[in-house]
Amino acid sequence: MNTEKPWLLTGLAGTGKSHYAKEILGQPLIVYANDIPDKDYSSVPMEKGILIEDLHFKPKTKDILNIIRHYKGKIIITINRQKNAPSEIKSCCVIKTTGK
């Protein structure tokens with residue numbers, strides 16, 4: 001199990017969620033919540049990190065939870081509104097709000 005909780009960055013469109021996540025992670029592996037390819041995410045280098053974009057748009061919850069459970073590096077998830085996050089994902093994340 002991941003020892004560091006993933007971040008759930010919330011904020012409306014244009015508030016800099018993705019920009020902030022890329023500043024923290026550098027050159028992360030970017031995947032979209034509704035289009036997660038079948039891959040062994042535990043093989044992604046820990047230094048790289050994973051950015052999961054647009055959790056608010058038809059997320060593949062089981063695949064995202066699988067990444068959270070097995071990836072040992074930093075994970076950041078972006079969503080427009082916190083209330084739209086699936087409760088299973090929200091409960092395993094540290095929630096941070098971005099804004100201008």
Are side-chain heavy atoms of Val31 and Glu53 found at a separation under 4.5 Å? no
[atom1]-[atom2] distance between [X] and [Y], expressed to the nearest 0.5 angstrom:
X: Ile67; Y: Leu29; atom1: CD1; atom2: CG; value: 8.0 Å
X: Thr61; Y: Ile68; atom1: OG1; atom2: CD1; value: 9.5 Å
X: Ile89; Y: Lys62; atom1: CD1; atom2: NZ; value: 12.5 Å
X: Ile77; Y: Trp7; atom1: CD1; atom2: CH2; value: 12.5 Å
X: Ile52; Y: Tyr41; atom1: CD1; atom2: OH; value: 8.0 Å
X: His56; Y: Asn80; atom1: NE2; atom2: CG; value: 4.0 Å

Under 4.5 Å between side-chain heavy atoms, hopping through other hydrophobics if needed: is there a path connecting [X] to [Y]?
X: Ile24; Y: Leu9; result: yes
X: Ile30; Y: Leu8; result: no
X: Ile95; Y: Ile64; result: yes
X: Ile79; Y: Ile50; result: yes
X: Ile76; Y: Tyr20; result: yes

List for me each residue that meets side chain to side chain donor-acceptor pair (under 3.5 Å) alongside Gln27, sequence neighbours excluded, and say none if there are none.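 If we apply the side chain to side chain donor-acceptor pair (under 3.5 Å) test to Gln27, skipping adjacent residues, there are no hits.
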Contacts of Asp40 meeting side chain to side chain donor-acceptor pair (under 3.5 Å) (sequence neighbours excluded), chain-then-number -> Ser42
Pair listing, side-chain hydrogen bond (donor to acceptor under 3.5 Å, both in side chains) test, anchored in residues 88-97, at least two apart: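 Qualifying pairs, neighbours excluded: Thr10-Thr97.
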Would you confirm whether Tyr32, through its side chain, and Pro59, through its main-chain N or O, come within 3.5 Å as a donor-acceptor pair?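 Pair absent, no side-chain N/O of Tyr32 close to backbone of Pro59.
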Intermediate values then yes/no, side chain to side chain contact (heavy atoms under 4.5 Å, CB included), Asp54 and Asn34: CA-CA 8 Å; Asp54 300 333; Asn34 66 334; 6.0 Å; no
Give the C-alpha distance, both sets of side-chain angles, the deciding distance and a yes or no for side chain to side chain contact (heavy atoms under 4.5 Å, CB included) between Thr78 and Thr98. CA-CA 10 Å; Thr78 65; Thr98 60; over 6 Å; no
Evaluate Leu65 against Cys92 for side chain to side chain contact (heavy atoms under 4.5 Å, CB included), listing each step before the verdict. CA-CA 9 Å; Leu65 288 171; Cys92 12; 3.9 Å; yes
Would Ile75 and Glu4 satisfy side chain to side chain contact (heavy atoms under 4.5 Å, CB included), going step by step from the backbone distance to the final call? CA-CA 9 Å; Ile75 300 171; Glu4 184 177 357; over 6 Å; no
